[in-house]
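Numbered from 1 within each chain, the chains take letters A, B, ... in sequence-line order.
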Amino acid sequence: AQSVAQPEDQVNVAEGNPLTVKCTYSVSGNPYLFWYVQYPNRGLQFLLKYITGDNLVKGSYGFEAEFNKSQTSFHLKKPSALVSDSALYFCAVRDNAGNNRKLIWGLGTSLAVNP
Amino acid sequence: NAGVTQTPKFQVLKTGQSMTLQCAQDMNHEYMSWYRQDPGMGLRLIHYSVGAGITDQGEVPNGYNVSRSTTEDFPLRLLSAAPSQTSVYFCASSYSDRNEQFFGPGTRLTVL
């Protein structure tokens with residue numbers, strides 16, 4: 001069965017510092033991996049995805065993520081954090097094995113960027 | 001394009017009442033899904049559809065029904081509301097299950 005974990009409930013970082021939000025997954029086939037962001041009282045917005053190809057994926061708002069198959073991880077990164085990056089971040093995975101069509105979500109990581 | 005729209009934005013029900021949460025998209029997306037979001041629980045998939053006439057259960061389908069008679073619409077029905085269904089409900093759509101999902105603004109439901 002597929003699963004995804006975000007091991008940190010909250011991440012705190014100073015503005016201008018690099019940030020990392022962690023995600024690990026478990027699938028039986030190959031993964032489709034996604035990152036989304038949710039600002040307070042809003043719906044979710046897509047940041048980036050990995051389907052196949054280059055392990056380093058670049059997305060919206062200066063975010064990027066690195067797919068690491070051996071460590072089954074897909075950590076979200078940004079070189080220089082902004083206060084406006086403060087939000088809730090979700091990692092999601094779909095296992096492409098068989099007829100599975102379900103997207104499974106992590107519990108979310110709250111990112112706080114301090115001025 | 002309006003994107004993904006959901007109605008109502010807020011709803012209060014009494015235990016045992018039924019209601020339908022509406023979801024529509026104007027992007028000709030085949031894949032649509034319903035989630036509920038609860039504090040500390042992340043997003044949990046209730047039901048999803050890969051095209052008109054085709055629906056399937058997600059992680060937490062009990063107490064909810066869906067249908068997909070058109071590509072555009074994907075209503076979620078609560079058959080007999082329970083306090084455990086108090087949550088924020090999001091509808092989402094995408095071209096396929098490989099593509100990014102577009103989310104509606106959500107419906108905040110309270111069951112008393």
Give the cluster check for Phe67(A) versus Tyr36(A): same hydrophobic cluster or not, with ILVMFWY residues linked at side-chain heavy-atom distances below 4.5 Å. no
Write out, in numerical order, the residues from residues 42-55 of chain A with a heavy atom short of 4.5 Å from a heavy atom in chain B. Arg42(A), Gly43(A), Leu44(A), Phe46(A), Lys49(A), Ile51(A)
Please answer: with hydrophobic residues joined when any side-chain heavy atoms are less than 4.5 Å apart, are Phe90(A) and Val37(A) in the same cluster? no
Give a yes or no on whether Leu76(A) and Ile104(A) share a hydrophobic cluster (residues Ile, Leu, Val, Met, Phe, Trp, Tyr; joining criterion: side-chain heavy atoms under 4.5 Å apart). yes
With a 4.5 Å heavy-atom cut-off (strictly below), which parts of residues 48-67 of chain B touch chain A? List them by number. Tyr48(B), Val50(B), Gln57(B), Gly58(B), Glu59(B)
More than 12 non-hydrogen atoms from neighbouring residues, nucleotides or ligands closer than 6.0 Å to NZ on Lys102(A), yes or no? yes
So how far is it from Tyr32(A) OH to Asn99(B) CG, rounded to the nearest 0.5 Å? 10.0 Å
Contact summary for Trp105(A) and Gln101(B), nearest pair of heavy atoms: CZ2-OE1, 4.4 Å
Check whether Val27(A) and Phe34(A) end up in the same hydrophobic cluster, where Ile, Leu, Val, Met, Phe, Trp and Tyr are linked by side-chain heavy atoms less than 4.5 Å apart. no
Quick check: under 4.5 Å, non-hydrogen atoms only, which of residues 13-45 of chain B neighbour chain A? Tyr31(B), Tyr35(B), Gln37(B), Gly40(B), Met41(B), Gly42(B), Leu43(B), Leu45(B)
Taking only heavy atoms into account, what residues of residues 71-97 of chain B are found under 4.5 Å from chain A? Phe90(B), Asp97(B)
Does one hydrophobic cluster hold both Leu103(A) and Tyr25(A), with members joined at side-chain heavy-atom distances below 4.5 Å? no
